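Step one of this worksheet: look at the structure below.
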Amino acid sequence: MKKHFPIGMRTAKTALCVLICLLLYKLFYYLNESFGEYAAVAFIHDYLFGTSPSFACIAAVICMQDTIENSVKFGISRIIGSVFGGVASVVLSLINAQIFASRGDIFVCVFGVVFLIWLCNVIGKKEASSISVITFLIIIIGIDFARPLVAAVNRTVGTLIGAAVAIVINRSIKKPK
């Protein structure tokens with residue numbers, strides 16, 4: 001007789017990935033609070049991890065797929081998209097600051113969206129276009145407008161962490177037979 005659990009394996013692995021991402025960010029928050037006077041700790045916390053585990057958790061949820069291959073595929077797509085969106089937001093925010101006085105001028109936002117979708121299509125990574133545009137818009141018109149480079153690095157590192165956690169968990173925990 002087959003036993004049915006209230007949640008499936010993928011659900012359990014996804015929750016575990018989110019837990020690990022949250023704990024990693026909590027650890028670096030604690031390290032920064034305790035040892036923030038050390039430049040390396042402060043740099044890792046402020047410039048690599050940032051203060052929010054949101055992007056790591058989102059990447060972990062999206063990258064937890066039915067197979068390891070699909071997890072890797074989704075992870076690579078998210079990382080590429082985050083890098084493209086981050087780089088575009090940094091470059092276009094510098095241009096925006098020189099030409100326009102407002103945050104995320106409409107022209108710059110629309111141009112960035114078109115450019116990123118075009119770029120992803122040209123290099124054959126259509127699946128990365130949505131995350132590149134989302135990352136770009138969050139940085140260019142979001143709360144991180146004042147420090148676009150730091151925001152871009154935070155989002156890319158968060159995505160890397162979440163994708164890596166999902167891939168490791170998906171590879172480590174197999175379905176019971």
Side-chain angles (χ1 to χ4, degrees), residues 1-29 44-45 47-92 109 112-142 144 148-177:
M1 179 159 90
K2 202 175 195 182
K3 290 187 179 188
H4 294 281
F5 294 101
I7 62 169
M9 182 60 76
R10 186 169 166 191
T11 303
K13 291 193 297 186
T14 301
L16 179 60
C17 288
V18 169
L19 173 65
I20 291 169
C21 288
L22 292 171
L23 289 173
L24 279 171
Y25 275 77
K26 191 63 95 174
L27 171 66
F28 277 96
Y29 174 79
I44 290 169
H45 178 266
Y47 293 97
L48 296 181
F49 276 74
T51 57
S52 175
S54 301
F55 277 78
C57 291
I58 291 166
V61 169
I62 291 171
C63 293
M64 179 51 66
Q65 295 294 314
D66 55 343
T67 66
I68 295 166
E69 294 78 20
N70 284 342
S71 287
V72 170
K73 180 178 132 187
F74 276 78
I76 291 170
S77 174
R78 285 207 51 94
I79 292 164
I80 289 170
S82 292
V83 169
F84 285 178
V87 169
S89 67
V90 170
V91 170
L92 290 177
C109 291
V113 168
V114 171
F115 172 75
L116 287 167
I117 294 170
W118 171 83
L119 178 63
C120 290
N121 286 337
V122 165
I123 67 164
K125 294 290 183 188
K126 290 180 182 182
E127 65 279 358
S129 63
S130 61
I131 193 60
S132 68
V133 168
I134 291 167
T135 301
F136 168 74
L137 290 173
I138 286 172
I139 295 169
I140 200 85
I141 61 175
D144 296 322
L149 180 59
V150 173
V153 171
N154 287 169
R155 269 131 190 77
T156 302
V157 169
T159 299
L160 280 165
I161 291 167
V165 168
I167 291 166
V168 167
I169 294 300
N170 207 5
R171 178 167 281 158
S172 301
I173 301 174
K174 308 285 187 204
K175 282 185 175 181
K177 293 184 181 192

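Position 1 is the first residue of the sequence, and the numbers go up from there. These figures come from a predicted structure and were not determined experimentally.
Every residue two or more places apart in sequence or in another chain was checked for a ring pair (Phe, Tyr, Trp, His ring centres under 6.0 Å) with Phe84, and none qualifies. The side chain to side chain donor-acceptor pair (under 3.5 Å) check on Asn170 picks up Lys13, Ser71, with sequence neighbours excluded. Partners of Thr159 according to the side chain to side chain contact (heavy atoms under 4.5 Å, CB included) rule, which considers only residues two or more places apart in sequence or in another chain, are Phe55, Ala59, Arg78, Ile79, Ser82. In terms of the side chain to side chain contact (heavy atoms under 4.5 Å, CB included) criterion, residue partners of Ser172 (sequence neighbours excluded) are, by chain and number, Val168. Scored by the side chain to side chain donor-acceptor pair (under 3.5 Å) test, Thr11 finds no partners at all (sequence neighbours excluded).
How far CZ of Phe74 is from CD1 of Ile167: 11.5 Å, rounded to the nearest 0.5 Å. Taken from CD1 in Ile123 to CG in Asn121, the straight-line distance is 9.5 Å, to the nearest 0.5 Å. Rounding to the nearest 0.5 Å gives a distance of 7.5 Å between CZ of Arg155 and OG of Ser52. Here Leu24 contributes atom CG and Phe49 contributes atom CZ; the two are 6.0 Å apart, rounded to the nearest 0.5 Å. Between the CZ atom of Arg10 and the CD1 atom of Ile169 there is a distance of 15.0 Å, given to the nearest 0.5 Å. Put simply, CZ on Arg171 and OG1 on Thr67 are 10.5 Å apart, with the number rounded to the nearest 0.5 Å.
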As a quick check of understanding, evaluate side chain to side chain contact (heavy atoms under 4.5 Å, CB included) for Cys109 and Ile140, giving each step before the final call. CA-CA 7 Å; Cys109 291; Ile140 200 85; 3.9 Å; yes
Would you please test Ile62 and Ile131 for side chain to side chain contact (heavy atoms under 4.5 Å, CB included) and show each step? CA-CA 11 Å; Ile62 291 171; Ile131 193 60; over 6 Å; no
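Counting only residues at least two apart or on different chains, no side-chain hydrogen bond (donor to acceptor under 3.5 Å, both in side chains) pair has a member in residues 124-137.
Across all non-hydrogen atoms, the minimal contact from Cys63 to Gly75 is SG-CA, 3.3 Å. Minimum interatomic distance between Cys21 and Ile161 (heavy atoms only, all atoms of both residues): SG-CG2, 4.4 Å. Here the closest non-hydrogen pair linking Gly158 and Tyr25 is CA-OH, 3.4 Å. Shown here for Ala12 and Ile7, the closest heavy-atom pair between the two residues is CB-CD1, 4.0 Å.
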